[in-house]
Novice: 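Pasting a structure below so you can have a look.
Order of the sequence lines fixes the chain letters, A, B, ..., with proteins taken first and strands second; residue numbering starts at 1 for each chain. Just so it is clear, the values below take in all heavy atoms, side chains as well, and ignore hydrogens, waters and symmetry mates.
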2 protein chains.
Amino acid sequence: MRESTGGTRERIKAVALELFTEQGYEKTSLREIAERLDVTKAALYYHFKSKDEIVTSFVEDRLELIDELIAWAEAQPPTLETRRALIARYADAMFTSEQPSVMRFFEQNQTVLKSLSAGQQMRGRLMKLAEALFRGDDSPSAQLRATLSLFAVHTSWFAVRTPHISDEERRRIALEVADELLAPIGQPAGPAR
Amino acid sequence: MRESTGGTRERIKAVALELFTEQGYEKTSLREIAERLDVTKAALYYHFKSKDEIVTSFVEDRLELIDELIAWAEAQPPTLETRRALIARYADAMFTSEQPSVMRFFEQNQTVLKSLSAGQQMRGRLMKLAEALFRGDDSPSAQLRATLSLFAVHTSWFAVRTPHISDEERRRIALEVADELLAPIGQPAGPAR
DNA sequence: GTCTATATGCAGATAGAC
DNA sequence: GTCTATCTGCATATAGAC
């Protein structure tokens, strides 16, 4: 417990993220977060002026990161190579980060997040990311494929149930499937039978 | 408003489903549901003994339906044809039903549903459905593909952003992509590059 | 920077009249 | 089958002492 000096804000973020992800935003009370940290509710209000400001705090880092990816992609030609590189970079961000669970939190709290500005921003950003993935081919199937390739990355943590599988292996599988989904995008015609 | 006699229970279900889906389960109060129906909260308690019993009421129909699909699939050989037929039947159920939004509700309230028994049952059932889709090939990539094929059906309503597109067209696109995802399952080796 | 104490409000739920 | 009235509890949030 070395970090008790000054690190309180970070500890609040970490605990809140964990509880929000597990139980949901609405079901997690500030009392619960405070108890877990062995402080009082009032202490939380010193660090964050409201409950949803806690959410904002850990969503913002991700927004920046996604913005960078989008900007990078838009500077590239809309080729398959670009799409693949983009999803790979995104997967790196998801798997590498110290807190991969920000996206899990987001997935698990979609509806609630609609009414939070942080949530709306994140929603918008993921839309733009999907757009960057199908850029140059806005056919319905390309749109669906692009979105699903993001889901491949997001859901591999639970969709792959094999026990004891490593994160690196999950990432590899996710990208294998994502690549296949991206392949037909931008082709003259989809792989209709 | 012909159904005002006796149809109250159904009207409650319909409004609750809509609000739960849009705003989330926790954020939607019984007061809000009651106001929308122009009745009092107490009236709701005549029809349902608790808030989560409302959820249970509209989840149960779906459970049965999914159970039938699973049972059917398990009676078939684990071939690609079976997988494709299964996802097609599932898509029919999703798109045909009078209330396709039950699954939307479920997607949007995952975390909250963890603590509701109806939610746990639905979770379990979707897991089994995914298993039925990769039956005979439990490789990690097959598991991910099977899960994503379900997502293709579930998410086509928002992932495909083309305006004025019909439900039938969405269903067709979803199945096109789902079929592609299912194709490599059960093959000697995945389509590694 | 963290505390105690408290304000204020709405949630889910029940009792019992009509 | 729907109402009014009310219970009980916990939520977010604030004021002000230490």
Novice: Run the salt bridge (charged side-chain N to carboxylate O under 4.0 Å, His left out) test against A/Glu131 and tell me which residues pass, sequence neighbours left out.
Specialist: B/Arg161
Novice: Whole-Å distance between D/dC3 P and B/His47 NE2?
Specialist: 10 Å
Novice: Can you list the residues that meet the salt bridge (charged side-chain N to carboxylate O under 4.0 Å, His left out) rule with B/Arg172, with sequence neighbours excluded?
Specialist: B/Glu169, B/Glu176
Novice: Measure the distance from CD on B/Glu35 to C1' on D/dT4 and round it to the nearest whole Å.
Specialist: 16 Å
Novice: Among residues 109-118 of chain B, which residues get a heavy atom nearer than 4.0 Å to DNA chain D?
Specialist: none
Novice: Taking the six-membered ring for Trp, are the ring centroids of A/Phe58 and A/Phe105 within less than 6.0 Å of each other?
Specialist: yes
Novice: For A/Glu68, enumerate each residue passing the salt bridge (charged side-chain N to carboxylate O under 4.0 Å, His left out) test, keeping only those at least two apart in sequence or located in another chain.
Specialist: none
Novice: A/Arg125: which residues meet the salt bridge (charged side-chain N to carboxylate O under 4.0 Å, His left out) condition with it, sequence neighbours left out?
Specialist: A/Asp67
Novice: Identify each atom pair where a protein N or O and an N or O of nucleotides 11-15 of chain D are less than 3.5 Å apart, giving names and distance.
Specialist:
{"residue": "D/dA11", "atom": "OP1", "partner": "A/Ser29", "partner atom": "OG", "Å": "3.3"}
{"residue": "D/dA11", "atom": "OP1", "partner": "A/Arg31", "partner atom": "NH2", "Å": "3.2"}
{"residue": "D/dA11", "atom": "OP2", "partner": "A/Arg31", "partner atom": "NE", "Å": "2.9"}
{"residue": "D/dT12", "atom": "OP1", "partner": "A/Lys51", "partner atom": "NZ", "Å": "3.1"}
{"residue": "D/dT12", "atom": "OP2", "partner": "A/Leu30", "partner atom": "N", "Å": "3.1"}
{"residue": "D/dT12", "atom": "O4", "partner": "A/Lys41", "partner atom": "NZ", "Å": "3.3"}
{"residue": "D/dA13", "atom": "OP2", "partner": "A/Tyr45", "partner atom": "OH", "Å": "3.0"}
{"residue": "D/dA13", "atom": "OP2", "partner": "A/Lys51", "partner atom": "N", "Å": "3.1"}
{"residue": "D/dA13", "atom": "O5'", "partner": "A/Tyr45", "partner atom": "OH", "Å": "3.4"}
{"residue": "D/dA13", "atom": "N6", "partner": "A/Lys41", "partner atom": "NZ", "Å": "3.4"}

Novice: Show which side-chain atoms of residues 115-124 of chain B pair as donor or acceptor with protein atoms under 3.5 Å away, not counting sequence neighbours.
Specialist:
{"residue": "B/Ser115", "atom": "OG", "partner": "A/Lys27", "partner atom": "NZ", "Å": "3.0"}
{"residue": "B/Ser115", "atom": "OG", "partner": "B/Val112", "partner atom": "O", "Å": "2.9"}
{"residue": "B/Gln120", "atom": "NE2", "partner": "B/Lys114", "partner atom": "O", "Å": "2.6"}

Novice: Just how far, in rounded Å, is P of C/dA13 from CD of B/Glu53?
Specialist: 10 Å
Novice: Grab the CG-P distance between B/Leu44 and C/dA11 for me, whole Å please.
Specialist: 13 Å
Novice: What integer distance in Å separates A/Phe48:CZ from C/dG1:C1'?
Specialist: 14 Å
Novice: Test of understanding: with side chain to side chain contact (heavy atoms under 4.5 Å, CB included), list the residues that count as partners of A/Ser29, not counting sequence neighbours.
Specialist: A/Arg31, A/Glu32
Novice: Whole angstrom is fine here: how far is it from OH in B/Tyr46 over to P in C/dG16?
Specialist: 18 Å
Novice: Looking at A/Thr8, does any N or O in its side chain come under 4.0 Å of the phosphate oxygens OP1/OP2 on C/dT2?
Specialist: yes
Novice: For A/Phe134, which residues count as a ring-ring contact (aromatic ring centres under 6.0 Å, His included) partner, sequence neighbours excluded?
Specialist: none
